Trainee: 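Below is the structure I would like to discuss, written out as structure tokens.
Quantities reported herein were computed from a predicted structural model and do not represent experimental measurements. Every heavy atom of this structure was used, including side-chain atoms; hydrogens, water molecules and symmetry mates were not.
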Amino acid sequence: MARAIFAALDIGLSLEVRPHHQELPQEFLKARPFAGVLYMRMIRTAVAAATVSLCFAATDARADQPVFDASFVLSGHGELVTTQDDVAPRVAAAGGVMIAAWHASPKEKVVRADNDVFISRSDDGGRTWSDPVQWPDRSNGGHGDSRFPSVATDGDGTWVVVWQSTDSLGGRTRTDEDILFVRSVDGGVTWSQPAPVGMHPTRDWGADIRPKIASDGDDAWVVVWSSRDPLNNSLGGDADILYSRSLDDGATWSDAAAIHDDALTDAGFDLDPSVTSGAAAGHWHVAWSSNSALSGGIKADTDIHLVSSVNNGATWTSPVALNDSAEEDLGDDTQPQIGGRRGGELIAVWTSGGTFGGSTGMDRDVVAARSVDLGKTWTVPKPLSTYEAGDIHHDAAPQLIAWGQKDWFVAWHSWNGLLSEVAGTIPETGSARDLHTGKVDGDTDIFLARSADGGVSWTAPVAVDRAAGRDLGEDLYPHLAATDSGALLVVWQAINREGRLKRIDRDIVASMGAWPAAPDGSR
């Protein structure tokens with residue numbers, strides 16, 4: 001546990017792995033050091049009742065579970081550079097092409113000891129990967145701190161990667177955190193030079209962090225991020241969610257604007273946005289975590305806020321609370337991820353410190369809610385894993401993906417070493433522990449659940465890494481992509497993978513899973 005906390009602090013991800021308080025991201029403190037702000041608040045918890053209440057109806061724990069290959073290091077230089085930390089991976093897929101992006105802090109003599117974004121490409125469905133391409137390109141004099149990339153594709157050859165960076169791009173931007181992007185129109189073979197997304201980067205001064213990008217599969221794209229910039233005093237000095245959109249397939253971007261209409265008057269911090277366009281043509285949905293109190297008596301703990309657009313991001317609705325318990329719950333709700341599928345179906349997952357009427361313990365759990373009417377109404381959030389009533393360990397950083405006609409997958413990391421059964425994972429030859437019947441170790445591992453009925457029910461968790469029962473390192477922050485051929489790629493950051501790597505840096509690790517077709521023939 002201590003290793004996980006120190007690892008998270010080292011890469012600036014303390015929100016996710018320090019469950020008993022919420023810390024303001026360091027980017028904001030650096031952007032406004034005179035404030036001396038450290039937003040700390042103890043999570044108010046209730047004692048869980050000693051009863052077991054199953055939440056989503058669990059399907060047969062061994063039915064229709066994916067089988068994962070042995071994990072491998074995706075970041076190509078990972079096996080050779082002993083001081084390289086590769087973290088915060090993101091991946092997307094279209095046809096047989098996959099693009100993975102992450103940030104790293106190389107220490108080689110030819111580069112500076114700050115963070116850079118790396119991009120790797122696969123054109124065979126994730127079986128082999130190119131050598132990583134580094135942004136900024138140091139050979140052209142790039143410098144600054146580049147972190148937390150997000151990658152998306154329109155499915156027709158155009159790819160865009162965005163990230164936060166202090167690189168001034170030769171004087172085109174200031175040295176505060178801005179959002180940069182690169183674009184490829186040939187399936188990720190070649191890329192444009194980095195350029196800023198949105199607004200007037202030579203005049204803004206506030207930190208812009210943690211961008212997320214999505215495409216509607218046509219010409220519309222939206223980037224969202226959290227920002228301390230007041231946009232020429234049109235916003236308050238707290239953190240708000242900004243957005244920029246492109247209607248020409250990512251070639252040009254609109255000026256940045258606040259996505260929620262209370263940005264000028266709210267006094268809380270809006271963080272960790274997630275964006276999707278999957279539910280219907282022209283419709284976009286953005287969810288984020290906020291400690292701003294919305295109208296209607298919502299308490300000033302951290303809840304999940306939601307806005308929608310029906311005109312490709314030209315206008316947005318007023319924010320509403322996605323979690324229905326926002327008015328009375330005492331636990332913090334953070335790290336939301338939202339996804340959509342054509343037909344009006346949306347699913348949101350996040351990490352919650354609530355106890356759900358005593359059905360869960362005092363730890364943090366991954367919960368899910370579902371909408372079938374384009375986000376107008378949502379089901380009551382429920383813990384996704386049926387083990388939550390009995391475990392006392394934290395689950396965090398959920399990621400989800402829609403696939404086929406009905407399938408959804410959710411991956412997360414967990415310290416839960418008390419699972420009585422981790423179904424569907426086949427241990428490697430010579431393993432001393434059978435994950436079908438045993439328990440995984442108490443370090444952090446990556447788990448995955450599947451829904452084959454549009455999010456109504458979920459399978460029992462699967463340990464993605466075959467070595468989860470015996471490795472000693474921390475596996476954190478998964479991300480997902482699915483191929484047209486029916487394969488699921490899970491990527492994550494790992495340290496001391498399986499105890500075989502005699503170093504303490506972090507690498508991007510991946511595993512490919514396959515699963516049988518659904519009864520209707522879909523995957």
Trainee: Side chains of L384 and W412, heavy atoms from C-beta outward: is any pair under 4.5 Å?
Mentor: yes
Trainee: How about L448 and V410: do any of their side-chain heavy atoms sit closer than 4.5 Å?
Mentor: no
Trainee: Might you point out which heavy atoms bring A239 and L271 nearest each other, and give the distance in Å?
Mentor: CB-CD2, 4.4 Å
Trainee: Evaluate side-chain contact (heavy atoms from CB on, under 4.5 Å) for L242 paired with L231, printing each intermediate quantity in order.
Mentor: CA-CA 10 Å; L242 305 186; L231 292 184; 4.0 Å; yes
Trainee: Return the minimal non-hydrogen interatomic distance between T483 and M98, and the atom names on each side.
Mentor: CG2-CE, 3.0 Å
Trainee: In the structure I gave you, are the side-chain heavy atoms of W221 and D154 within less than 4.5 Å of one another anywhere?
Mentor: yes
Trainee: With a 6.0 Å cut-off on the ring centroids, do F447 and H413 count as close?
Mentor: no
Trainee: Taking side chain as C-beta onward, heavy atoms only, is L322 less than 4.5 Å from W378?
Mentor: yes
Trainee: Specify the closest pair of heavy atoms between T153 and A93, including all atoms of both residues, with the distance to one decimal.
Mentor: CG2-O, 3.9 Å
Trainee: Any luck finding a side-chain donor-acceptor pair between D395 and S414 under 3.5 Å?
Mentor: yes
Trainee: Please report the C-alpha distance between F269 and S289 in whole Å, then the side-chain angles of each, then the deciding distance to 0.1 Å, and finally whether the side-chain contact (heavy atoms from CB on, under 4.5 Å) criterion is met.
Mentor: CA-CA 8 Å; F269 288 93; S289 63; over 6 Å; no
Trainee: Do D332 and T334 pair up side chain to side chain, a donor and an acceptor below 3.5 Å, judged on atom types alone?
Mentor: no
Trainee: With side-chain contact (heavy atoms from CB on, under 4.5 Å) as the test, would you mind laying out the steps for D270 and D238 before giving the verdict?
Mentor: CA-CA 8 Å; D270 302 288; D238 57 325; 4.3 Å; yes
Trainee: Specify the closest pair of heavy atoms between V97 and G187, including all atoms of both residues, with the distance to one decimal.
Mentor: CG1-O, 3.6 Å
Trainee: Is H260 close to P319 at the side-chain level, that is, under 4.5 Å between some pair of heavy atoms?
Mentor: yes
Trainee: Find out whether V491 and R90 are in side-chain contact, i.e. whether some heavy atom of one side chain is under 4.5 Å from a heavy atom of the other.
Mentor: no
Trainee: Please report the C-alpha distance between S290 and D303 in whole Å, then the side-chain angles of each, then the deciding distance to 0.1 Å, and finally whether the side-chain contact (heavy atoms from CB on, under 4.5 Å) criterion is met.
Mentor: CA-CA 6 Å; S290 177; D303 294 302; over 6 Å; no
Trainee: Do the side chains of D272 and S274 get nearer than 4.5 Å, heavy atoms only?
Mentor: no
Trainee: Under the criterion side-chain hydrogen bond (donor to acceptor under 3.5 Å, both in side chains), I'd like the reasoning laid out for W408 against E345: C-alpha separation, chi angles, the key distance, then a yes or no.
Mentor: CA-CA 11 Å; W408 290 85; E345 181 180 303; 2.5 Å; yes
Trainee: Can a donor-acceptor pair be found between the side chains of D156 and T158 at a distance below 3.5 Å?
Mentor: no
Trainee: Determine whether the side chains of D475 and T444 contain a donor N or O and an acceptor N or O closer than 3.5 Å.
Mentor: no
Trainee: Going by atom types alone, do T302 and N291 pair a side-chain donor with an acceptor below 3.5 Å?
Mentor: no
Trainee: Looking only at heavy atoms, which two atoms of S215 and D218 are closest? And how far apart?
Mentor: OG-N, 4.3 Å
Trainee: Under 6.0 Å between the ring centres of Y243 and W316?
Mentor: yes
Trainee: Could you check whether any side-chain heavy atom of D85 comes within less than 4.5 Å of a side-chain heavy atom of I495, counting everything from C-beta outward?
Mentor: no
Trainee: Check the orientation of H283 and H285. Use parallel for under 30°, tilted for 30 to 60°, and perpendicular for over 60°.
Mentor: parallel
Trainee: Ignoring hydrogens and geometry beyond distance, is a side-chain donor-acceptor pair present between D248 and S246 at under 3.5 Å?
Mentor: yes
Trainee: Specify the closest pair of heavy atoms between P149 and A88, including all atoms of both residues, with the distance to one decimal.
Mentor: CD-O, 4.2 Å
